Amino acid sequence: MTTDTSVNPTPIHLAIVGGGPTCTYVLERLAALVHSRGTSVPLEIVVYDLSGEFGPGQVHSPDQTRTSYLNRVVGQVAFAADESVVDAGPLLPADERPTLLDWCRKKFQETGDPRFDLVAEDWPKRYVHGLALKDQFARYIEILRASDGVTVRLQRSEVVDMEERGDRFAVLTADGATPYEADYVLMLTGHSSNRPELDPHQAAWASFAAEHGKHLIPNAYPLERSLDPARTGPGTTVACLGMGLTGIDVLLYLTEGRGGTFERDAEGQLRYLPTGTEPDSVVAFSRSGLFTFARPYNEKERDIATLEYKGAFLTAAAVSELRRTVGVLNIIGGHEKRQLDFEAHVFPLVHLEMALIYYSALYGPEFRESAIRVVRPAYDKFLADAGAFADHHEAGAFLLAPLEELAGSVAAQVDETLAGRRTVAGQPVLDSALRAFLTVVYGAEQASELLTLAARPEEFAAAVAAARSPWRHAERAADNVFSWERTISPVPRTGYSGPREYVETFLDFLDVDIRWASQGNLSNPAKAAADAAWRDLRGVVIDAVDFGGLRASSHRTFLGVYTPHHNRLCQGASVEAMEKVAALIRSGHVDVSVGPEARVDTDEQAGRFRVEGRVTGSTKWADVLVDARVHAFDAERDVMPVYPNLLRRGLIRKWANPGVGEADFVPGGLDLTPEFHPVRADGTVEKRITFLGPPSEGVMYHQIGALRPNKDHHVIRDILCWINAFIPQGDPAGTEQQQNERTLA
């Protein structure tokens with residue numbers, strides 16, 4: 001690279017607080033941009049990380065337990081910008097920006113280690129992701145340090161405060177080291193937790209535990225430290241509050257992580273083989289009483305651009321039209337915004353889209369085309385006058401009525417055909433629906449065999465009657481009905497003779513859910529509906545929510561009610577992990593008998609925590625209580641002192657959604673601009689500081705995620721907002737091809 005010290009001889013001082021995955025992506029962009037320039041770009045970069053796990057961060061540490069899974073298949077993880085990112089700037093050569101899949105393949109070729117013998121659809125262990133992040137971080141640092149005028153320093157210390165010093169900010173650390181003065185600060189602190197003493201429940205639990213020699217674990221991570229065998233070994237019962245991904249990590253660590261193993265029996269069912277080093281029991285409970293649902297096999301990986309779902313009804317245009325017709329005018333951040341009610345205005349469209357996807361998967365593309373036509377008049381009426389409905393139940397019933405009528409008619413015809421009372425001869429639409437239905441219920445091979453008999457009604461009916469669905473679908477078309485209520489509450493809350501019957505019902509649901517997930521996110525109607533509406537169309541929901549898009553009370557409901565639904569429906573664990581959970585329940589090592597709406601309390605007489613099942617009547621006592629819930633970010637209550645200190649200095653403030661005729665809603669996250677700069681206490685924007693990740697949750701929605709390949713991913717675009725402030729993109733040296741062909745120092 002040519003050196004020209006006459007250009008910008010004074011280095012730009014950059015401080016990056018947090019050395020985890022997002023920092024890895026940041027360094028990749030800096031490495032590519034600096035390397036592409038024909039002139040030097042003097043940069044002085046200091047990266048701070050309390051854990052010292054530069055690249056993976058503590059959450060993805062290569063040294064963590066081997067029992068935790070990454071919540072993403074191998075093919076959906078990248079470490080660098082690629083050709084799909086709009087305005088990314090120059091790209092590194094392809095061999096310098098492997099995806100996780102590329103990295104694993106290379107590692108397997110080099111080592112022969114089966115841990116790395118993965119394909120795109122596999123679910124990797126989280127530590128494997130950490131190993132790859134560590135490698136890529138080191139490579140990007142190497143590229144930067146080899147560039148003229150660039151220095152990079154990695155500092156293992158906790159940033160506790162920032163002090164304004166003229167045009168720069170002094171970064172203060174807990175170790176009292178000389179503060180580094182930065183021109184620009186990027187905050188990448190990642191997931192955190194809230195101070196337990198500020199939570200009345202946790203404070204009371206902690207006091208009780210100390211008094212009675214029991215243990216409260218207010219934050220599960222890192223598992224290796226918090227779940228010490230001395231506290232959670234044989235002779236103890238552990239209560240795990242939270243059944244999401246963190247809760248699943250806890251269950252696997254306390255069992256498989258203690259040396260337990262899994263094997264399949266003669267029927268193919270997974271069995272757990274204990275070692276005797278586990279706790280006597282782990283009581284898993286939550287408000288819903290449900291684990292996150294198993295993530296489906298990702299059939300879209302074979303052609304993401306084509307197969308990711310495009311909405312028919314849940315669209316950005318529909319949200320915009322609803323703002324125009326029923327939005328309530330408010331002033332948000334000094335700008336006019338027409339706010340919606342998520343439940344009344346947006347959720348009916350989510351509901352409709354899910355039903356459309358479900359029945360389209362069940363009956364095929366011709367059905368979908370017909371369904372869109374018959375629903376259109378009701379849809380247009382809803383967009384024009386969504387306020388005419390008493391509530392979302394009435395709106396949903398109105399929108400779904402024509403779709404359900406069409407689905408019911410097709411189901412009746414399919415069932416008559418299955419029973420041998422009619423044929424599909426001369427009826428191409430029915431023939432298409434029948435083929436789709438048989439393929440969904442029985443699989444392509446069995447469906448093909450059955451269809452060879454379709455011209456002989458009696459033989460066909462007898463063969464269908466003898467067939468069995470490997471995914472346990474209802475074998476009558478009329479019994480396959482989309483229901484939002486059953487989708488979010490698949491395990492009934494009433495009608496049990498006791499805890500044992502509840503657990504049997506719970507295990508039966510897990511069996512069905514695992515089978516459905518194995519079928520895939522295109523082939524299984526229920527999984528297709530959840531994956532498409534809540535993942536592929538997530539951008540529409542984000543558009544509806546961000547920057548005060550919802551009224552204050554509706555925003556509270558959205559985060560408290562619909563975000564948990566979203567997480568359970570489409571942010572779940574792999575089939576492999578959920579099979580292990582089911583095996584642990586069957587073995588008795590994990591106890592879910594307290595069911596939904598369970599309440600944890602302290603029992604002075606027993607000197608233990610007590611978990612009471614309101615639905616099942618089961619009561620369990622525990623020696624250890626683990627809070628495995630993910631805490632919403634709250635700058636005031638965060639365990640990291642930097643956020644309360646920045647609030648105290650007035651460099652940041654919490655964002656509030658102002659109520660119109662109702663109370664304001666303050667989620668806890670920071671007041672940020674669309675460029676992720678904080679609004680100071682005095683209302684001015686501080687452009688020298690940028691916050692990405694959890695601190696932006698509140699004013700924005702779903703800002704957390706690993707980088708994906710072949711996807712114009714928001715994480716890279718957010719990073720570019722920061723970089724463009726000091727390395728403008730309008731002055732590249734040479735063409736993109738020339739930039740990519742340069743050899744790296």
Side-chain angles (χ1 to χ4, degrees), residues 16-32 35 45-82 92-118 122-146 150-158 186 188-191 221-225 249 692-693 704-709 715-716 719 744:
I16 302 174
V17 182
T22 305
C23 182
T24 303
Y25 314 151
V26 169
L27 295 179
E28 182 277 330
R29 280 295 76 212
L30 288 173
H35 172 69
I45 306 167
V46 179
V47 181
Y48 297 88
D49 193 272
L50 174 60
S51 71
E53 300 271 10
F54 292 100
Q58 190 175 68
V59 171
H60 297 270
S61 170
D63 299 324
Q64 69 182 280
T65 173
R66 274 34 182 171
T67 60
S68 294
Y69 290 82
L70 186 66
N71 188 31
R72 187 80 71 82
V73 294
V74 175
Q76 288 188 340
V77 181
F79 309 111
D82 58 27
L92 288 172
D95 62 347
E96 295 288 356
R97 48 184 172 95
T99 63
L100 179 56
L101 179 61
D102 296 332
W103 183 90
C104 287
R105 284 173 172 166
K106 182 180 179 182
K107 205 74 172 174
F108 180 63
Q109 289 172 355
E110 292 172 349
T111 66
D113 191 325
R115 294 179 300 167
F116 306 118
D117 187 15
L118 303 173
D122 284 336
W123 293 82
K125 294 296 179 67
R126 196 178 296 144
Y127 81 90
V128 171
H129 182 223
L131 288 169
L133 281 163
K134 187 174 182 178
D135 271 5
Q136 290 309 116
F137 184 96
R139 181 55 183 144
Y140 302 145
I141 290 288
E142 184 181 0
I143 295 170
L144 284 165
R145 285 176 172 166
V150 178
T151 64
V152 184
R153 176 159 55 94
L154 307 181
Q155 187 164 327
R156 181 176 183 175
S157 53
E158 180 181 18
L186 179 61
L188 306 175
T189 51
H191 284 288
Y221 297 114
L223 302 175
E224 300 83 0
R225 190 183 311 152
D249 278 353
L692 298 182
I704 307 165
L707 184 62
R708 285 186 61 179
V715 169
I716 285 291
I719 289 167
L744 294 174

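This is a predicted model, so every value here is computed, not measured.
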So, for Ser51 and Gly57, which heavy atoms are closest and what is the spacing to 0.1 Å?
OG-C, 4.4 Å
Quick check against the 3.5 Å criterion: does Asp122 have a side-chain atom that pairs as donor or acceptor with the backbone of Pro124?
no
Test log, rule side-chain contact (heavy atoms from CB on, under 4.5 Å), inputs Cys23 and Phe137
CA-CA 8 Å; Cys23 182; Phe137 184 96; 3.8 Å; yes
Quick check against the 3.5 Å criterion: does Asp49 have a side-chain atom that pairs as donor or acceptor with the backbone of Gly52?
yes
Go through the steps for Phe116 and Val128 under the test side-chain contact (heavy atoms from CB on, under 4.5 Å), then give the verdict.
CA-CA 8 Å; Phe116 306 118; Val128 171; 4.2 Å; yes
Side chain Asp102, main chain Thr99, donor-acceptor under 3.5 Å
yes
Find out whether Ile719 and Thr22 are in side-chain contact, i.e. whether some heavy atom of one side chain is under 4.5 Å from a heavy atom of the other.
yes
Check whether any side-chain heavy atom of Trp123 sits under 4.5 Å from a side-chain heavy atom of Asn71, and report yes or no.
yes
Distance (rounded to the nearest 0.5 Å) between Tyr48 OH and Phe54 CZ:
10.5 Å
Mind running side-chain contact (heavy atoms from CB on, under 4.5 Å) on Arg156 and Leu50 for me, showing each step along the way?
CA-CA 5 Å; Arg156 181 176 183 175; Leu50 174 60; over 6 Å; no
Does any N or O in the side chain of Arg126 come within less than 3.5 Å of the main-chain N or O of Tyr69, such that one atom is a donor and the other an acceptor?
yes
Would you say Pro62 and His129 make side-chain contact, with heavy atoms under 4.5 Å?
no
Spacing of CG belonging to Asp117 relative to CZ belonging to Arg115, to within rounding of 0.5 Å
12.5 Å
How far apart are the closest heavy atoms of Lys107 and Asp135, and which atoms are they?
NZ-OD2, 3.9 Å
Any heavy-atom pair between the side chains of Leu70 and His60 that's under 4.5 Å?
yes
Could you check if a side-chain atom of Val77 sits within less than 4.5 angstrom of a side-chain atom of Arg708, using non-hydrogen atoms only?
no
Pick one: which of Val47, Leu186, Ile45, Ile716 meets side chain to side chain contact (heavy atoms under 4.5 Å, CB included) with Val26?
Leu186
Would you name the heavy atoms of Ala78 and Pro709 that are closest together and state the gap between them?
CB-N, 3.6 Å
Please name the residue in the list Leu131, Ile141, Leu100, Thr24 that meets the side chain to side chain contact (heavy atoms under 4.5 Å, CB included) test with Gln136.
Thr24
Distance under 6.0 Å and angle within 45° of the ring axis: does Arg97 meet both against Phe79?
no
Any sub-3.5 Å donor-acceptor pair from Gln64's side-chain atoms to Ser61's backbone N or O?
yes
All heavy atoms of Arg72 vs all of Ala706, minimum pair found to be NH2-O, 3.1 Å
Pairwise distance CD(Glu158) to OG1(Thr189) - rounded to 0.5 angstrom
10.5 Å
Side chains of Leu92 and Tyr140: does their closest heavy-atom pair fall under 4.5 Å?
yes
Taking the side chain as C-beta and beyond, is there a heavy-atom pair between Pro98 and Lys106 under 4.5 Å?
no
Is there a donor-acceptor contact under 3.5 Å from the side chain of Arg66 to the main chain of Lys125?
no
Has the side chain of Tyr25 got a donor or acceptor atom that lies under 3.5 Å from a matching backbone atom of Leu707?
yes
Say whether, by atom type as modelled, one donor and one acceptor occur between the side chain of Glu224 and the main chain of Thr65 under 3.5 angstrom.
yes
Drop me the distance from Gln58's CD to Arg225's CZ, to the nearest 0.5 angstrom.
5.5 Å
In Å, rounded to the nearest 0.5 Å, how long is the span from CG of Asp95 to CZ of Arg139?
8.5 Å
Whether the Asp249 and Tyr221 side chains hold a donor-acceptor pair (N or O, under 3.5 Å, no angle test) is what I'd like checked.
yes
